[in-house]
Visitor: 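My questions will all concern the structure given below.
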2 protein chains.
Amino acid sequence: MAYAERMLDTAGGQQAADLPDALVFGLKDGMSTTAHSHAPHSVVFYEGDNATRFYEVDEGIVMLFKLLPDGRRQVVEILNPGTIFGVSAGDLYDCSAETLTRTSLRAFDRREVERSLPLQRHLTRCLLTQMETLHDHAVLLGRKSAIERVSSFLMRLVPQRGGIGCMGPDKESASDSLDVVLTMTRQEIADYLGLTIETVSRVISDLKRRGLVTVERQDRIRINRICGICQLSGIH
Amino acid sequence: MAYAERMLDTAGGQQAADLPDALVFGLKDGMSTTAHSHAPHSVVFYEGDNATRFYEVDEGIVMLFKLLPDGRRQVVEILNPGTIFGVSAGDLYDCSAETLTRTSLRAFDRREVERSLPLQRHLTRCLLTQMETLHDHAVLLGRKSAIERVSSFLMRLVPQRGGIGCMGPDKESASDSLDVVLTMTRQEIADYLGLTIETVSRVISDLKRRGLVTVERQDRIRINRICGICQLSGIH
DNA sequence: CGAGAACTTGAAAATTGTCAATAATGGTGG
DNA sequence: CCACCATTATTGACAATTTTCAAGTTCTCG
């Protein structure tokens with residue numbers, strides 16, 4: 001489906017039409033959970049839907065986004081396995097959820113939060129981590145340049161790097177390069193970084209020209225100098 | 001203290017020097033809490049400090065912000081009374097906290113979260129609300145124009161407006177105007193909205209020129225046509 | 001009342017977005 | 001397995017927005 005068409009679909013706010021194959025997962029610690037398997041780019045729920053259930057990412061990646069009435073989209077979170085999402089403060093979901101890859105989810109009834117103390121704790125830990133990610137993302141969206149945004153995005157995909165213990169570009173222990181899989185289209189990256197698709201493309205071309213990355217496939221980038229990218233990310 | 005000086009102070013990352021007058025508040029539901037009174041523009045904690053305690057806003061307004069190494073600042077949250085802040089996923093605070101007005105806070109030992117179930121629930125509700133606000137703010141920072149950002153900011157200060165039940169500009173029941181107190185300098189507003197101080201100033205002047213607002217004092221704005229501002233906020 | 005801080009305004013520069021055309025990618029059917 | 005073609009991505013030229021730099025002006029508070 002073309003981007004524009006999906007856009008219209010999403011803006012409509014109807015319930016997810018392509019409901020996944022769902023099967024009762026049974027009981028786990030006294031909770032009834034349901035396992036859902038989703039194809040890539042399938043909608044879990046729409047902003048405005050009744051928030052009757054919440055989910056935990058089991059495998060795959062899920063993206064949360066919001067739309068403005070004129071179609072502008074902002075991806076607000078990208079969720080890895082282990083993350084809980086779809087818990088709403090009110091009765092409705094505040095954003096839409098769509099899978100990026102083939103994904104398996106665990107669904108819970110929203111009342112389960114009240115009942116289970118371990119779940120409550122897990123939820124709290126999860127929310128706190130998400131909150132810190134959102135803070136970082138606010139810095140990115142509010143204060144970083146295009147090249148800093150794209151570099152930060154790439155660093156996100158490098159495990160154990162870019163954090164506090166990241167020591168400059170000198171101390172190259174073994175290899176300073178890595179292949180990363182984007183799992184997102186340029187449009188999705190742009191909507192996540194608050195840029196246009198053209199700007200994202202231009203920045204990647206620029207990094208390519210400088211020899212910092214090699215684009216092996218559209219959704220597969222080899223970072224040749226991780227520390228070089230890290231330095232461009234604005235955190236140094 | 002001048003902005004630049006505060007900036008340097010903050011970047012330094014030392015413990016808050018101007019500790020407020022603190023007095024033991026006694027026990028409340030078996031929890032030991034401490035009441036803190038803070039002057040306007042005093043620091044509660046710095047990013048990177050040990051997150052030994054967390055807080056609840058009792059009265060006043062608190063701002064959370066992060067700094068990039070070169071001094072760029074992003075205000076990530078503005079907290080009203082009732083909000084819990086300073087609960088960290090790790091051992092350190094992920095952002096700095098500074099009061100905007102004279103503020104009274106309740107401080108808790110971080111271990112209290114584990115112990116008290118009511119507190120845990122309150123925390124969850126609070127985090128969910130903050131999360132939705134952060135999502136909205138990501139949309140603002142990533143996708144809205146300067147005038148939309150400033151208008152959104154002003155609408156934040158109008159109680160019960162700008163939400164879902166906000167019906168266009170026609171249905172003017174009684175009064176479509178309101179005085180709002182900013183409690184933030186232009187610099188703080190700019191750092192919250194991801195703009196420069198000059199852009200914020202220019203947008204406000206533009207709204208003034210169009211008759212939508214009247215600046216009564218630097219920190220006091222009369223919104224003459226609430227619905228007009230609402231329509232500029234990008235949510236219609 | 002005065003002085004520093006905060007705010008406003010203007011002109012020019014920089015960055016990013018828009019529009020339009022071209023290129024490449026990768027999935028599908030023959 | 002290959003060729004085709006819709007989709008996705010890249011690139012260029014230009015426009016729009018926002019930032020930067022540099023004065024001024026206006027507050028505010030001691």
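Because the structure is predicted, anything quoted here is derived from the model rather than measured.
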Visitor: Can you identify which nucleotide, out of C:dT16, D:dT19, C:dT18, has its nearest atom closest to the A:T196 side chain?
Guide: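 Minimum distance to the A:T196 side chain belongs to C:dT18.
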Visitor: How close or far is atom P of D:dT18 from atom CD of B:E148, stated in whole angstroms?
Guide: 9 Å
Visitor: Out of D:dT19, C:dC7, C:dG26, which has the shortest distance to the side chain of B:L195?
Guide: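 In terms of side-chain proximity for B:L195, the closest of D:dT19, C:dC7, C:dG26 is D:dT19.
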Visitor: Please report, rounded to the nearest Å, how far the C1' atom of D:dT19 is from the CZ atom of A:R143.
Guide: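 Going from CZ in A:R143 over to C1' in D:dT19 covers 11 Å.
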Visitor: According to the interplanar angle, ranging from 0 to 90°, do the rings of A:F45 and A:Y93 count as parallel (below 30°), tilted (30 to 60°) or perpendicular (above 60°)?
Guide: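 If you compare the ring of A:F45 with that of A:Y93, the planes turn out parallel.
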Visitor: Over 60° means perpendicular and under 30° means parallel, so tell me whether A:Y55 and A:F85 are parallel, tilted or perpendicular.
Guide: parallel
Visitor: Go through D:dT18, C:dT16, C:dC7 for me and flag the one nearest to the A:S145 side chain.
Guide: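 The nucleotide sitting nearest to the side chain is C:dT16.
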Visitor: In whole angstrom, what separates B:D191's CG from C:dC7's P?
Guide: 12 Å
Visitor: Are the side chain of B:S151 and the backbone of B:I147 linked by a donor-acceptor contact shorter than 3.5 Å?
Guide: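 Checking the backbone N and O of B:I147 against the side chain of B:S151, a donor-acceptor pair under 3.5 Å is found.
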Visitor: We want to know whether B:R73 and B:Y192 form a side-chain donor-acceptor pair, criterion being a heavy-atom distance below 3.5 angstrom.
Guide: no
Visitor: So, the side chain of B:T83 versus the backbone of B:V57: is there a donor-acceptor pair under 3.5 Å, distance only?
Guide: no
Visitor: Would you tabulate the pairs of protein nitrogen or oxygen atoms and nucleotide nitrogen or oxygen atoms of nucleotides 8-10 of chain C closer than 3.5 angstrom?
Guide:
unit_1 : atom_1 : unit_2 : atom_2 : d
C:dT8  : OP1    : B:R186 : NH2    : 3.3
C:dT8  : OP2    : B:R186 : NE     : 2.8
C:dT8  : OP2    : B:S201 : OG     : 2.7
C:dT8  : O5'    : B:S201 : OG     : 2.9
C:dT9  : OP2    : B:S205 : OG     : 2.2
C:dG10 : N7     : B:R202 : NH1    : 2.8
C:dG10 : O6     : B:R202 : NH2    : 3.3

Visitor: What is the separation between atom CD on B:Q187 and atom C1' on C:dG4, rounded to the nearest whole Å?
Guide: 17 Å
Visitor: How close or far is atom P of D:dA9 from atom CG of A:L182, stated in whole angstroms?
Guide: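 So the CG-P distance, A:L182 to D:dA9, works out to 9 Å.
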Visitor: With a 4.0 Å limit, can you tell me whether A:R217 has a side-chain N or O closer than that to the phosphate oxygens OP1/OP2 of C:dT25?
Guide: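 No.
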Visitor: Does this structure show an ion pair linking A:E148 with B:R72, if we count only N-O contacts that are shorter than 4.0 Å?
Guide: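 Looking at A:E148 and B:R72, the cut-off is met.
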Visitor: B:D206 has an atom CG; how far is it from atom P of D:dT18, in whole Å?
Guide: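 So the two atoms are 11 Å apart, to the nearest Å.
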Visitor: What's the CD1-C1' distance between A:I147 and C:dA14, to the nearest Å?
Guide: 15 Å
Visitor: Begin from the C-alpha positions of B:D206 and B:R202 and carry the test salt bridge (Lys or Arg N to Asp or Glu O under 4.0 Å) through to its verdict.
Guide: CA-CA 6 Å; B:D206 185 32; B:R202 270 185 256 272; over 6 Å; no
